[in-house]
Asker: 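Before anything else, here's the structure in question.
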Protein chains: 2
Amino acid sequence: MHDDDIANTMRALGHPVRLEILRILATQQQGQCCCADVTDSLTLAQSTVSQHIKVLLDAGLIERKPHGTRNRYCLRHDKLAELNSAFGGLLKGLAPVAANKETEQA
Amino acid sequence: MHDDDIANTMRALGHPVRLEILRILATQQQGQCCCADVTDSLTLAQSTVSQHIKVLLDAGLIERKPHGTRNRYCLRHDKLAELNSAFGGLLKGLAPVAANKETEQA
DNA sequence: CCGGTTGATCGGTGAATTACGATGGAAAAT
DNA sequence: ATTTTCCATCGTAATTCACCGATCAACCGG
């Protein structure tokens, strides 16, 4: 994961509504989460929610599964894990050099 | 750390130049990092760099120490750690419900 | 078919972001 | 004291973002 990708993902996470959407998706069991559900727990217009969803989609953080008249969304836990490790790597890279140099072996 | 704070910090991290600035600050030993150093390893105008620095400053990710004619910047490792735990908590909250213990009620 | 529902996408508006050069003020060097 | 260096800030243009209402394709139930 490169800087640009990380920054991109971070920006996708950089909005409280989008964080909330992720949480909503997490609380529903996978497969039950359609756009309408998200919309009416969010006091935002449907188009706005759809747009936020698109951002998360583009960032690869969630997945769309068309299912008849409703679309289902769910978290992409693989991406989340990837992001987690990338984020860990980022923070590790920012750690003080003095702390790294002795405990550097594997 | 609330959603808004997390989102705010994430947005601060949501730009490759700012990630790069953090990395630059990390590689210099603490206290040696003035704005000019950052600027000329970045092919951006000084004012632009200063603005990015301000964003990081406002997010609390870095610290300014005026020092004569030069300002010194350094990472705020405490904030970074805080962010790390907040991020971990976020991801944990997004983990599949099945993986969460039932002792979730606090 | 026809009407109802879902939800992505389009068009528009106002605010925020990103970039730049220019300005100004404060310390350091002369 | 004058000049030089550093750099935060201002002003500004271009771009993107967040939000909305409206629209339209697709699907399902009659």
Side-chain angles (χ1 to χ4, degrees), chain A residues 3-25 28 30-76, chain B residues 3-22 24-25 28 31-76:
Chain A
D3 260 22
D4 288 321
D5 303 309
I6 298 181
N8 239 338
T9 311
M10 291 297 184
R11 198 164 50 228
L13 293 176
H15 195 292
V17 166
R18 290 197 283 269
L19 292 183
E20 186 58 25
I21 290 177
L22 292 181
R23 288 235 182 69
I24 291 171
L25 294 192
Q28 319 280 329
Q30 278 120 326
Q32 298 282 10
C33 28
C34 69
C35 177
D37 291 338
V38 178
T39 297
D40 56 36
S41 50
L42 276 184
T43 66
L44 281 174
Q46 176 265 322
S47 54
T48 305
V49 172
S50 204
Q51 220 167 343
H52 280 301
I53 285 178
K54 184 172 166 47
V55 172
L56 293 171
L57 223 37
D58 289 346
L61 292 170
I62 65 178
E63 193 180 359
R64 171 189 297 163
K65 302 177 181 174
H67 186 261
T69 185
R70 290 161 190 257
N71 280 347
R72 288 176 177 176
Y73 291 96
C74 57
L75 299 175
R76 289 193 48 188
Chain B
D3 260 22
D4 288 322
D5 303 310
I6 297 181
N8 237 345
T9 312
M10 292 295 186
R11 198 166 52 229
L13 293 176
H15 195 292
V17 166
R18 289 196 285 268
L19 292 183
E20 186 59 25
I21 290 177
L22 292 182
I24 291 171
L25 294 192
Q28 320 281 329
Q32 298 284 7
C33 29
C34 69
C35 178
D37 290 338
V38 178
T39 297
D40 56 33
S41 49
L42 275 185
T43 66
L44 282 173
Q46 176 265 321
S47 54
T48 305
V49 172
S50 204
Q51 221 166 343
H52 280 299
I53 285 179
K54 184 172 166 48
V55 173
L56 293 170
L57 224 35
D58 289 346
L61 291 170
I62 67 177
E63 192 180 1
R64 171 190 295 164
K65 303 177 181 174
H67 185 260
T69 185
R70 291 161 189 258
N71 280 346
R72 288 177 178 177
Y73 291 96
C74 56
L75 300 176
R76 289 193 51 190

Asker: Mind running side chain to side chain contact (heavy atoms under 4.5 Å, CB included) on A:D37 and A:I24 for me, showing each step along the way?
Answerer: CA-CA 9 Å; A:D37 291 338; A:I24 291 171; 5.8 Å; no
Asker: Of all the nucleotides listed (D:dC7, C:dT17, C:dA8), which has the minimum atom distance to the side chain of A:C35?
Answerer: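 Minimum distance to the A:C35 side chain belongs to C:dA8.
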Asker: In terms of the nearest nucleotide of DNA chain C, which residue is placed more toward the 5' end: B:Q46 or B:H52?
Answerer: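 Counting from the 5' end, the first nearest nucleotide belongs to B:H52.
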Asker: Closer than 3.5 angstrom, by distance alone: can the side chain of B:R64 be matched with the main-chain N or O of B:K54 as a donor-acceptor pair?
Answerer: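 Not a single qualifying donor-acceptor pair exists.
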Asker: Hey, does the side chain of A:R18 come within less than 4.0 Å of D:dA18's phosphate (OP1/OP2), counting only N and O?
Answerer: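 Yes, within the criterion.
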Asker: Please tell me which of B:A45 and A:V49 maps to the more 5' nucleotide of DNA chain C, matching each residue to the nucleotide holding its nearest heavy atom.
Answerer: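 This one resolves to A:V49.
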Asker: Step by step, would you call B:L25 with B:V38 a side chain to side chain contact (heavy atoms under 4.5 Å, CB included)?
Answerer: CA-CA 8 Å; B:L25 294 192; B:V38 178; 4.1 Å; yes
Asker: Identify whether any heavy atom of B:L44 sits under 4.0 Å from a base atom; if not, whether one sits that close to sugar-phosphate; answer base, sugar-phosphate or nothing.
Answerer: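 Sugar-phosphate only.
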Asker: Take the protein atom NZ of A:K54 and the nucleotide atom C1' of D:dC17, then report the distance between them rounded to whole Å.
Answerer: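 A:K54 atom NZ is separated from D:dC17 atom C1' by 14 Å.
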Asker: Which nucleotide in the set D:dC19, C:dA19, C:dT6 lies at the smallest distance from any side-chain heavy atom of B:H15?
Answerer: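 Nearest to the side-chain atoms of B:H15, counting from C-beta on, is C:dA19.
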Asker: Just N and O in the side chain of B:N71: are any of them under 4.0 Å from OP1 or OP2 of D:dC6?
Answerer: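 Looking at the OP1 and OP2 atoms of D:dC6, neither is under 4.0 Å from any side-chain N or O of B:N71.
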Asker: Between D:dC7 atom C1' and B:L42 atom CG, what is the distance in whole Å?
Answerer: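 In whole Å, D:dC7 C1' and B:L42 CG are 15 Å from each other.
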Asker: Working note: A:I21 + A:L42, criterion side chain to side chain contact (heavy atoms under 4.5 Å, CB included); need CA distance, chi angles, decisive distance, verdict.
Answerer: CA-CA 9 Å; A:I21 290 177; A:L42 276 184; 3.7 Å; yes
Asker: Which whole-number value in Å describes the distance from B:I53 CD1 to C:dA19 P?
Answerer: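 Value for this atom pair: 13 Å.
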Asker: Would A:L13 and A:L19 satisfy side chain to side chain contact (heavy atoms under 4.5 Å, CB included), going step by step from the backbone distance to the final call?
Answerer: CA-CA 6 Å; A:L13 293 176; A:L19 292 183; 4.0 Å; yes
Asker: B:H67 NE2 to C:dA26 P: how many Å, rounded?
Answerer: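 Between P of C:dA26 and NE2 of B:H67: 18 Å.
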Asker: Assign each of A:S47 and A:R11 to its nearest nucleotide of DNA chain D by heavy atoms, then name whichever residue's nucleotide is nearer the 5' end.
Answerer: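 Of the two residues, A:R11 wins.
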Asker: In this structure, how many angstroms lie between the C1' atom of C:dT18 and the CG atom of B:D58, rounded?
Answerer: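 Computing the B:D58:CG to C:dT18:C1' distance gives 15 Å.
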Asker: What's the CG-P distance between B:L57 and D:dC7, to the nearest Å?
Answerer: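 Going from B:L57 (CG) to D:dC7 (P), I get 13 Å.
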Asker: Is B:S50 near enough to D:dA8 that one of its side-chain N or O atoms lies under 4.0 angstrom from OP1 or OP2?
Answerer: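 Yes, such a contact exists.
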Asker: Would you please confirm or rule out a distance under 4.0 Å between OP1 or OP2 of D:dA8 and any side-chain N or O of B:Y73?
Answerer: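 Result: yes.
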Asker: If only side-chain N and O atoms of B:T48 are considered, is one of them under 4.0 Å from the OP1 or OP2 phosphate oxygen of C:dC20?
Answerer: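 Answer is yes, contact under 4.0 Å.
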Asker: Using whole Å, report how far CD1 of B:I21 lies from C1' of C:dT18.
Answerer: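 Atom CD1 in B:I21 sits about 12 Å away from atom C1' in C:dT18.
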Asker: Write down the distance between NZ (B:K65) and P (D:dA8), rounded to a whole number of angstrom.
Answerer: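 Rounded to the whole Å, the gap is 15 Å.
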Asker: Go through D:dA18, D:dC7, C:dC20 for me and flag the one nearest to the B:Q51 side chain.
Answerer: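 When the side chain of B:Q51 is considered, C:dC20 is the closest of D:dA18, D:dC7, C:dC20.
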